Amino acid sequence: MSIIKNDFEKMNITKIKKSKNQKKLTVITAYDALFAKLFEEIADMILVGDSLNMSFAGRSDTLSATLEQMIYHTNAVCNGAKNAFVIMDMPFGTYINKDEALKNAIEVYRQTNAAAIKIEGGEDRADIIKHLTSNSIAVMGHIGLMPQYVRSEGGYKVRGKTKEDEEQLIRDAIAVEKAGAFAIVVEGVMSNVAEKITQAVNIPIIGIGAGNVTDGQVLVWSDMLGFFEEFKPKFVRHYLNGAELVKEAVNQYRSDVQDSTFPSKEEEY
């Protein structure tokens with residue numbers, strides 16, 4: 001039997017930034033109060049990802065998520081994990097310019113207890129990130145493979161395969177840091193390039209599909225716990241065969257109902 005080492009420390013922006021070169025940060029997604037509570041004192045940060053529309057709404061990409069949806073799920077997560085550092089993905093179309101981004105970010109802060117928001121984009125979004133951070137909005141950046149760019153990019157493509165792209169990614173990270181972001185997610189990037197990105201900035205780089213050379217990792221909970229059966233990305237490790245365990249349990253429930261062993265006398269009033 002494994003023993004969970006509970007060394008939980010409630011995070012804030014200062015602690016997250018100081019973790020650079022000191023502690024590897026653990027980030028996991030959550031979309032409801034139930035699972036958020038389970039993750040609360042284990043993960044350093046909980047991300048309410050727009051990935052919920054793929055994992056739980058059956059959509060082919062994240063672009064259909066709305067601000068109202070994200071606020072609803074963020075409130076559920078914050079209610080379930082009151083001590084967690086919660087970050088909300090700003091959905092597609094909610095930060096097309098500085099004014100729209102600030103208006104929508106203010107609504108997130110007003111309606112939820114999220115500690116920060118996350119925005120996809122590098123140099124092209126640095127002015128928006130700067131506008132937000134200058135107006136007291138905490139921003140986590142996201143560069144590399146960016147799911148909200150999937151249609152304009154023609155699919156999910158690993159980044160950093162050419163010298164030109166490597167240089168662009170480093171410029172993106174530096175621009176996002178200068179704009180005031182407290183951390184950056186780097187997704188789907190060649191590990192040697194992710195290492196250079198990590199070394200190029202003074203804020204934590206959180207990897208996903210970017211090797212173990214970053215300052216931390218983030219995974220979608222339904223991927224890492226084996227609930228999402230459609231496909232398994234190369235960068236995902238299954239820590240539980242969740243789908244099979246659930247099916248076995250529900251099959252047992254059905255069997256107990258059919259042969260009247262559930263409910264038993266002890267389960268009656």
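All figures in this text were calculated on a predicted structure; none of them were measured in a lab.
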What's the separation between atom NZ in Lys23 and atom CD1 in Ile16, rounded to the nearest 0.5 Å?
9.5 Å
Over 12 foreign heavy atoms within 6.0 Å of CG, Asn113
no
Sequence neighbours excluded, every pair satisfying side-chain hydrogen bond (donor to acceptor under 3.5 Å, both in side chains) that has a member inside residues 260-269:
Asp256-Thr261, Asp259-Thr261, Ser264-Glu266, Ser264-Glu267
If Ile, Leu, Val, Met, Phe, Trp and Tyr residues are connected whenever their side-chain heavy atoms lie under 4.5 Å apart, and connections chain through other members, are Val250 and Phe262 in the same group?
no
Can you list every pair that meets side-chain hydrogen bond (donor to acceptor under 3.5 Å, both in side chains) and has a residue in residues 238-248, with sequence neighbours left out?
Glu229-Lys247, Asn241-Glu244
Going by heavy atoms in the side chains, are Asn251 and Arg254 under 4.5 Å from each other?
yes
Under a 4.5 Å cut-off applied to non-hydrogen side-chain atoms, are Met45 and Val218 in contact?
no
With a 4.5 Å cut-off on side-chain heavy atoms, are Asp215 and Leu25 touching?
no
Under the side-chain contact (heavy atoms from CB on, under 4.5 Å) rule, collect the residues that match up with Ile96, sequence neighbours excluded.
Glu100
Point-to-point distance, once rounded to the nearest 0.5 Å, from CE of Met140 to CD1 of Ile184
9.5 Å
With a 3.5 Å cut-off and no angle check, do the side chains of Gln148 and Asp50 form a donor-acceptor pair?
yes
So Lys20 and Asn202, side chain to side chain contact (heavy atoms under 4.5 Å, CB included) or not? Walk me through it.
CA-CA 7 Å; Lys20 180 85 173 183; Asn202 295 309; 5.7 Å; no
Can Met146 be reached from Ile129 by stepping across I, L, V, M, F, W or Y side chains whose heavy atoms are under 4.5 Å apart?
no
Begin with the C-alpha distance, continue with both residues' side-chain angles, and end with the deciding distance and a verdict on side chain to side chain contact (heavy atoms under 4.5 Å, CB included) for Val48 and Val86.
CA-CA 7 Å; Val48 186; Val86 177; 3.8 Å; yes
Distance from Lys15 atom NZ to Phe182 atom CZ, nearest 0.5 Å?
14.5 Å
Given the rule that I, L, V, M, F, W and Y join up when any side-chain heavy atoms are under 4.5 Å apart, are Tyr149 and Ile128 in one cluster?
no
Find the distance between CD (Gln217) and CZ (Arg237) and round it off to the nearest 0.5 Å.
10.0 Å
In a table with atom names and distances, give each donor-acceptor pair under 3.5 Å that connects a side chain of residues 188-199 to protein atoms at least two apart or in another chain.
{"unit_1": "Lys196", "atom_1": "NZ", "unit_2": "Glu166", "atom_2": "OE2", "d": "3.0"}
{"unit_1": "Thr198", "atom_1": "OG1", "unit_2": "Ala194", "atom_2": "O", "d": "2.8"}

Between Lys82 (side chain only) and Asn79 (backbone N and O only), is there a donor and an acceptor less than 3.5 Å apart?
yes
Using the rule that Ile, Leu, Val, Met, Phe, Trp and Tyr join whenever any side-chain heavy atoms are under 4.5 Å apart, tell me whether Val213 and Ile170 fall into a single cluster.
no
A quick test of your reading: do over 12 heavy atoms of other residues, nucleotides or ligands sit less than 6.0 Å from NZ of Lys24?
yes
Give me the ring orientation class for Phe35 and Trp221: parallel if the planes are under 30° apart, tilted from 30 to 60°, perpendicular past 60°.
parallel
dist Ile46:CD1 -> Tyr31:OH (nearest 0.5 Å) comes out at 11.5 Å
In this structure, CG of Asn83 is separated from SG of Cys78 (nearest 0.5 Å) by 11.5 Å
Quick check: is Tyr72 connected to Leu34 through a chain of hydrophobic side chains (ILVMFWY, heavy atoms under 4.5 Å apart)?
no
Please examine the side chains of Ile137 and Ile117, heavy atoms only from C-beta on, and report whether any two atoms are closer than 4.5 Å.
yes
Under the side-chain contact (heavy atoms from CB on, under 4.5 Å) rule, collect the residues that match up with Phe235, sequence neighbours excluded.
Ile208, Leu219, Pro233
Determine which pairs satisfy side-chain hydrogen bond (donor to acceptor under 3.5 Å, both in side chains) with at least one residue from residues 172-188, sequence neighbours left out, and list them in order.
His142-Glu187, Gln168-Asp172
Passes side chain to side chain contact (heavy atoms under 4.5 Å, CB included), Lys17 versus Ile13? Steps please.
CA-CA 6 Å; Lys17 293 172 78 171; Ile13 297 292; 3.8 Å; yes
